[in-house]
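Right, one structure below, let's go through it.
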2 protein chains.
Amino acid sequence: MTIKISRGRGRPRRFDPEQAVATAQRLFHAQGYDAVSVADVTDALGINPPSLYAAFGNKAGLYARVLNRYNSTNAIPLRDLLRPDRPVAECLASVLEEAARHYAADPVTSGCMVLEGTRSNDADARDAACALQAAAESMIRNYVASRHPEEAERVTDFVATIMAGLSTKARNGQDLDRLLAIADIASMALAEALGD
Amino acid sequence: MTIKISRGRGRPRRFDPEQAVATAQRLFHAQGYDAVSVADVTDALGINPPSLYAAFGNKAGLYARVLNRYNSTNAIPLRDLLRPDRPVAECLASVLEEAARHYAADPVTSGCMVLEGTRSNDADARDAACALQAAAESMIRNYVASRHPEEAERVTDFVATIMAGLSTKARNGQDLDRLLAIADIASMALAEALGD
DNA sequence: ATATTTTTATAGTCATTACTACAAAAGTCC
DNA sequence: GGACTTTTGTAGTAATGACTATAAAAATAT
């Protein structure tokens, strides 16, 4: 029995767009933007292509919605982790640890959906993912700069590199313990670079 | 005027397979396996599809030849860098530095072709790239294990993570100086983890 | 010269892609 | 109940993907 959502007059939708975005998110995260066809999504939702295009415009439009959802529900909570009352190196270490945990949490949706999305061959999808990644990197850089302006660039580059590497390793099937060990070694370097 | 290579009797080839592999390597390295179509390759070579299929079997067959060529001419010379007469941390640092230099050497073919190839959506291409990557990682692990058996796994994981991250950053357009700075910070962690 | 061999160019096949025209269906509003 | 609105299902389109059947071309062997 399908739940019908009313949008005023007219024939009611047979699907909930929010749920559709959630389903699409699983597919895009699991397989990547390029590897997921519109047919994959419509099949998973049990709807026909026109319904999806009416709701989201096109494949990239759906992906944009998915990225927003990911960013507000599955992303690493940088705002909470980057604390002004704790050592910078310690907070960055917690970001890396949290990254390892997120990326290995579910083996079918391993890695970071945004970081993986920046490698798409579709320009629209790639740009959308790159924008989110740039925003996250800016946030880290600003945080480091507020306390260690000289080191902000290189430390941020290093953290971003580790996160990209962790996402890759997670998609390669590396288990949580090994990802955490990698994050630990990286955190030693951060402590040394920022003074502990 | 085209150079014709004789292969015994029969109509001569209009193209040199070695040169074809070199041209295909540029394309695959620049755009990735999935984004390069067979038509892209045949257009670049000025030949027709049947000629390419006669010489290489299929797209994945051509890619296998390209990977071999890359591995024997463009790869990081691990065998020379991993020296038994130098501190392990120092040698691994030189591997990371060399990686940074290789990945940023040419902006149109940035990053590591093997590491990027492991992300292909084509199973054959991905498996071929993964095999080479696994071999390189084994070489590093064996080297570390010969001197620091307890640390071999985590240190190798860390080095592999940094290399994957550096390749990503290089493809993102990061310049050589910043890649080298990242490699430097990572090397500090290696020195600490392995005892300097 | 003629037969044989190998590669070529032409012109396709077939599957899959993102996306859509159109009319029937299924509601709401008066 | 009838006009109106919105979504649905059917059945496409056009482009592009990897790959190939076929016969002519261009060489060598005898």
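Residue numbers start from 1 in every chain, and the chains themselves are labelled A, B, ... in the order their sequence lines are given, proteins ahead of strands.
- OP1 or OP2 of C:dC19 lies within a sub-4.0 Å distance of a side-chain N or O belonging to A:Y53.
- Candidate nucleotides D:dA18, D:dT6, C:dT20 were compared by shortest atom distance to the side chain of A:P50, and C:dT20 ranks first.
- Phosphate contact (OP1/OP2 of C:dA9, side-chain N/O of B:R14, threshold under 4.0 Å): present.
- In this structure, the CD1 atom of B:I47 is 12 Å from the P atom of C:dT7, given to the nearest Å.
- Of all nucleotides listed (D:dT5, C:dT5, C:dA18), C:dT5 comes nearest to the side chain of B:R9.
- Taking the six-membered ring for Trp and thresholds of 30 and 60 degrees, B:Y70 and B:H29 have ring planes more than 60 degrees apart, a perpendicular arrangement.
- Protein atom CZ of A:F56 is 14 Å distant from nucleotide atom P of C:dC19, rounded to whole Å.
- Taking the nucleotide of DNA chain C with the nearest heavy atom to each of B:P49 and B:G10, the more 5' of the two is matched to B:G10.
- Between B:R141 and B:E153, no side-chain nitrogen of the basic residue sits less than 4.0 Å from a carboxylate oxygen of the acidic one, so the salt-bridge criterion is not met.
- At a cut-off of 3.5 Å, with distance as the only test, a side-chain donor of A:R119 or B:T168 sits close to an acceptor on the other residue.
- Listed by first and then second residue, the side-chain hydrogen bond (donor to acceptor under 3.5 Å, both in side chains) pairs that reach into residues 60-69 of chain A are A:Q25-A:R69, sequence neighbours excluded.
- Between A:S51 and D:dT7 there is no side-chain polar atom (N or O) within less than 4.0 angstrom of OP1 or OP2.
- A donor-acceptor pair is defined here as one N or O able to donate and one able to accept, closer than 3.5 Å; no such pair exists between the side chain of B:S167 and the backbone of B:A164.
- A distance-only check finds no donor-acceptor pair linking the side chain of A:D34 to the backbone of A:S120 [under 3.5 Å].
- Ion pair B:E137/A:K169 flagged as a salt bridge, since at least one NZ, NE, NH1 or NH2 atom sits closer than 4.0 Å to an Asp/Glu carboxylate oxygen.
- A heavy atom lying under 4.0 Å from DNA chain D marks none of the residues of residues 29-40 of chain A.
- Between A:R13 and D:dT7, a side-chain N or O to OP1/OP2 separation shorter than 4.0 Å is present.
- Look at CG on A:N48: it is 11 Å from C1' on D:dT7, rounded to the nearest Å.
- Going from atom CG of B:N58 over to atom P of D:dC19 covers 5 Å, rounded to whole Å.
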